[in-house]
Amino acid sequence: MASQEGSMLKFAPFQSAVDEGFWHRLSSLKLNKLGIDDSPLPITGFYAPCSHSQVSNHLTLLAESLPSESGGESSAAQGNRNRCSVPDLSINSLLIGGDQIWEDIHSGKAVEDSSVLSRFLLISFADLKKWTFHYWFAFPALVLDPPATLVDLRPASQWFSLEEAESVSAACNAWRNSSSTVDVPFFLIDIDPNSRATIRHLKDWETCRGDNHKLLFGFYDPCHLPNNPGWPLRNFLALISSRWDLTSVQFLCYRENRGFADMGSSLVGEAVIAVPQGWKDHHCVPNAVGWELNRGKKVPRCISLAKSMDPTRLAISAA
Amino acid sequence: MVLSQKIHEAFKGTVERITGPRTVSAFKEKGVLSVSEFIIAGDNLVSKCPTWSWESGEPSKRKPYLPSEKQYLITRNVPCLRRAASVEEEYEAAGGEVLLDNEDNDGWLATHGKPNEGKSAEEENLPSMENLEISKNSSIKLTPSYFGGEDEEDIPDMADFEEADNLIETDPAEEVCDNADTTFARYLHVATLQSTYLVAQEPDDDNILRTRTYDVSITYDKYYQTPRVWLTGYDESRMLLQPELVLEDVSQDHARKTVTIEDHPHLPGKHASVHPCRHGAVMKKIIDVLMSRGVEPEVDKYLFLFLKFVASVIPTIEYDYTMDFDLGSSSH
């Protein structure tokens, strides 16, 4: 694959997928607990690195994404490698979308708990008389102005030496197998001069720079495209440029094949970021983008579950 | 649902309630699994093929004889690049044997294939899934998703929302969606993000392959004492696929016979499932073939063998069962 000299870095948008169980639990929450209360609900989305070379992974909402009716903590199992949790945005404050993410970048929360970088928003209207749900996702991304330029983007297997690639794969598999790190979607890859790779948390950035080590910023990439990184990289770049003042960033789009690290489909890229003016000023909030498109248009989606919810229809189908 | 199927379901439910789960292993003798063997085989599948994971499912539907965090297995977002029927057409076009009477298991075999029913080879090479229609089964209508359901008039036309689209471009926070007097519209007022969607920073849409995807789950069927496979389909834009359309991705010999549409034991809604009544017998055959070759089958590999067999029912759904077994040609 030819490297693209100085072109604009383009990202594949995040896509949503909502399990039928989510709508079923939302309906029963609405009917049995919330009533006409329309204040925001805390929900958790799940995603995993791309694991099939032909399809991207999605941000998925399951029944477990919603709080349970009894008010207890949601029962979502921790350490499930196919489900890294992503918190939602709270929309009842004035901080919406990009503001919240910007706030987390500045406060350092994003370095401690990197999943907040992928925060999302779901607006939904449940028409419980017709068992129809209207909804719209947003995956807010801070806009770099001017946009980042891509200097180089190659499959990781071509970028790394053979030894390095093996060591990075092994380190990534270990990261994905440990229940304490499996759902940390943003991390650092530190390769020493002997081609030994270690994966570290973002907060260790200060301690592992220098010493002739190669340092890459890695993230779980839900996207499968061979020439584009996925959406989570956008806010990651914003974090990197505003927190550590880097102008040239080497990143790893971590992808898997059949559940294991795959350096052939993972990408290593180098992007040049010009730190936008005013980013030093905390109060100046950059623009955010990221409404999910529906068949190429900016419209909400709609799903009718009358078939599995309407009691009359259920009675007929059961007869 | 057919009446006989209903009666059988009721019978099966009663038997399941009054009999205890299998505790003695009859894996080699009958091809069935005890509950603890199902857990062992499931654990092995999850560790060897990590795209599979255990789930706990709906708390109200938990089975007491299974651990609460290991109720069933699932692998999500599995691509299905083409319809199973199109695979069979290719086989037929190549002159393969064709079952002439599909309604009857005792049908005649034709050895020279069917004439290519008005479909040019060129057409079949097109990558887009929309072009792959099923010519054989005219009873299945190609409605892409729940969007096109029967009561279309109940579902608001998406075009109604398009006005709002322009308004977001020009004025982000105000006057959005005044044509829909709902809570939804009020939410839009609050939550509209500040700026427009920058198409310039996204790759061209053309590069993205649109394909159906499946969530494939495996539950334990206490009555038949075997695993059971369930399919939840999603169309090209990741909207839920009606179970009837799922049958397009099932080998046509099995659609509506061994593959039926039923309630999932752990999830809401109707899902397509490979009926487990013959699973034990088929697994027993596979095990016998292995043993006749001097391979001692181990119970923790059960699900790999099982998934390999299931692949003959759903040939185009590319779920993971990586593990090399030499099953030869007589696997079913």
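Lettering follows sequence order; numbering is per chain, from 1.
- When every heavy atom of B:Gly57 is checked against every heavy atom of A:Glu64, the shortest pair comes out as N-OE2, 4.4 Å.
- One finds the OG atom of A:Ser308 at 11.0 Å from the CD atom of B:Gln242 (value rounded to the nearest 0.5 Å).
- Counting heavy-atom pairs closer than 4.5 Å to chain B, the top residue among A:Val18, A:Asn57, A:Thr60, A:Asn177 is A:Asn57.
- Residues A:Ile303 and B:Met239 form a side-chain contact, since some pair of their non-hydrogen atoms from C-beta on lies under 4.5 Å apart.
- With a 4.5 Å cut-off on non-hydrogen atoms, B:Ser53 touches chain A through its backbone and its side chain both.
- Contact check for A:Leu62 versus B:Arg76: side-chain heavy atoms found under the 4.5 Å cut-off.
- Interatomic distance, OG1 of B:Thr213 versus CD of A:Gln54, reported as 12.0 Å (0.5 Å rounding).
- For B:Ser60, no part sits under 4.5 Å from any heavy atom of chain A, backbone or side chain.
- Between chain B and the residues A:Glu256, A:His58, A:His24, the largest count of heavy-atom pairs under 4.5 Å involves A:His58.
- The OG atom of B:Ser237 sits 9.5 Å away from atom CD of A:Gln15, with the distance rounded to the nearest 0.5 Å.
- With a threshold of 4.5 angstrom between heavy atoms, B:Glu58 approaches chain A through side-chain atoms but not through N, CA, C or O.
- To the nearest 0.5 angstrom, B:Leu240 atom CG is 8.0 Å from A:Asp19 atom CG.
- In this structure, chain A has a heavy atom under 4.5 Å from the side chain of B:Tyr234, while its backbone stays farther away.
- Only the side chain of A:Ala63 comes within less than 4.5 Å of a heavy atom in chain B; its backbone stays farther off.
- Distance check: B:Asp320 CG to A:His52 NE2 gives 7.0 Å after rounding to the nearest 0.5 Å.
- Minimum heavy-atom separation, A:Ser56 to B:Asn77: O-ND2, 2.8 Å.
- Residues B:Arg238 and A:Ala17 come closest through the heavy atom pair NE-CB, 3.1 Å.
- The side chain to side chain contact (heavy atoms under 4.5 Å, CB included) check on A:Ala174 picks up nothing, with sequence neighbours excluded.
- Atom-to-atom distance recorded for A:Glu20:CD and B:His271:NE2 is 5.5 Å, nearest 0.5 angstrom.
- Taking both residues in full, the closest heavy atoms of B:Pro79 and A:Val55 are given as CB-CG1, 3.7 Å, listed atom of the first, atom of the second, then distance.
- The minimum heavy-atom distance between B:Ser47 and A:Phe260, with the atom names listed, is O-CZ, 4.2 Å.
- Here the shortest heavy-atom pairing between A:Gly21 and B:Pro268 reads CA-CG, 3.5 Å.
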